[in-house]
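Structure first, then comments.
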Amino acid sequence: MAMATSPSPKKVLLPIVAGTEPIEASIPIDILRRAGADVTVASAGDALLVEIMYGVKILADELLADCAAASYDLIVLPGGVPGAANLGGCATLEGILRKHVEKGGLYAAICAAPPLALASWGLLDGHKATGHPWFVEKFPPEVTAVDANVVVDGNAVTGTGPATSMEFALALVEQLYGKEKVEQITKLMLVRYEGGYSMKELNSVQWHCSGTPKVLLPLANGSEEMEAITIVDALRRANADVIVASVEDGFDVTARYGTRIVADVMLDEAADRAPFDLIIVPGGLPGAKTLGRCEQLVTLLKKHAEANKPYGAIGAATAHVLEPHGLLKGRKATTCASMAGLLADDSECENRVVVDGNVITSRSPGTAMEYAVAVVDKMLGRDEARRLAEGLLFLA
Ligand SMILES: *[C@@H]1O[C@H](CO)[C@@H](O)[C@H](O)[C@H]1NC(C)=O
């Protein structure tokens, strides 16, 4: 009798290159892995370590050249400037895509990548497609540009930009696994397809910040990549000086769904750069538990809080870093739905973003962009938040 075997996982190829947009890469990687896909992050450059946009450093799983012989169920191209054009100019990638499309494979691109990569190779001819509004005019006449967040036409799936990355990634999950899988994933993530943000604010105070805000974002193995990368990307778009610091033994951190993020510094070194204007702790398990056990980080946070400087956390980090160390004392906060019970005061946990004085908290990957824009609103003002939201295509 044959042994029962589980079906082999769907194979996904996601190339990255210098200038790839971090949110547009990390969200499909994370969400497709949540759905059970075997995602290979491949460097289209000549090294595994790739510095993508906003100084985010990612260690790819493989070089794209080593992926040419394999076959995939889906190939996804993130956008970015000049990332999308760099992908479009990569002959190895063009060869892989042509073979994949000829075999009837599912393929996808977001932001500038539909016009600058797929369409430049003629692979969207005769298709309806979308892309970043700044780049849709680059579609050739053979492509019908559609004004929608995500367009599925035949085997081609296209999306518009950072703010629609989650909707785009979930459309890919639906194509590979069906609607039920999408519902299963979105329930935990508090996904919302509309742009814009609001925050529940209590005990409103002005956050003081002179010049360029210096922000610390600590990172551990098992930190949630969508939360960490969305915050780093958004704050750097707002010109904050964001220092990503590893609390692990090395710079190279493996996030919750396997994204290898290379930190800027080790936490020791970051501590020498204190004081910061803001400290934000990303969620994800077991990352948040590791961060909560990191004495050096806790000491930094406590000193920072005593100096009345703003700090915050998202998801599991509210419950596992701020709460156990008294950093929410007398404050209302929010965390992921499953951890509300860990907060001494869970009365505002239903809110997606809560600001209480100097403390700003949020819930999950699905609220990370709202959170990042709200942080910029408090730190740099409403105009800067609006400019950021526009750049992310995250307007209400
Ligand atoms: C954390 O991840 C890195 C790879 O990113 C690995 O080398 C290291 O051993 C991991 N640390 C722990 C404590 O598992």
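Atoms within a ligand are numbered from 1 in the order they appear, just like the ligands themselves.
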(request) Non-hydrogen atoms closer than 4.0 Å to ligand 1: which protein residues do they belong to? List them by chain and number, please. (result) Asn221, Glu248, Asp252, Val253, Thr254, Arg260
(message) Would you say Ser71 and Lys11 are linked by a side-chain donor-acceptor pair, where the criterion is simply a distance under 3.5 Å?
(response) no
(message) Could you tell me if Thr259 and Ser26 have a donor-acceptor pair between their side chains, going purely by distance under 3.5 Å?
(response) no
(message) Looking at every heavy atom in both Ala317 and Pro282, which two are closest together, and how far apart are they?
(response) CB-O, 3.3 Å
(message) Looking at Asp153 and Lys128, is there a salt bridge between them, counting it only when a charged N and a carboxylate O are closer than 4.0 Å?
(response) no
(request) Indicate the atoms forming the closest heavy-atom contact of Val244 with Ala263, along with that distance. (result) O-CB, 3.5 Å
(request) Report the C-alpha separation of Thr318 and Arg363 in whole Å, then their side-chain angles, then the decisive distance to 0.1 Å, and conclude whether the side-chain contact (heavy atoms from CB on, under 4.5 Å) test is met. (result) CA-CA 8 Å; Thr318 311; Arg363 308 200 72 188; over 6 Å; no
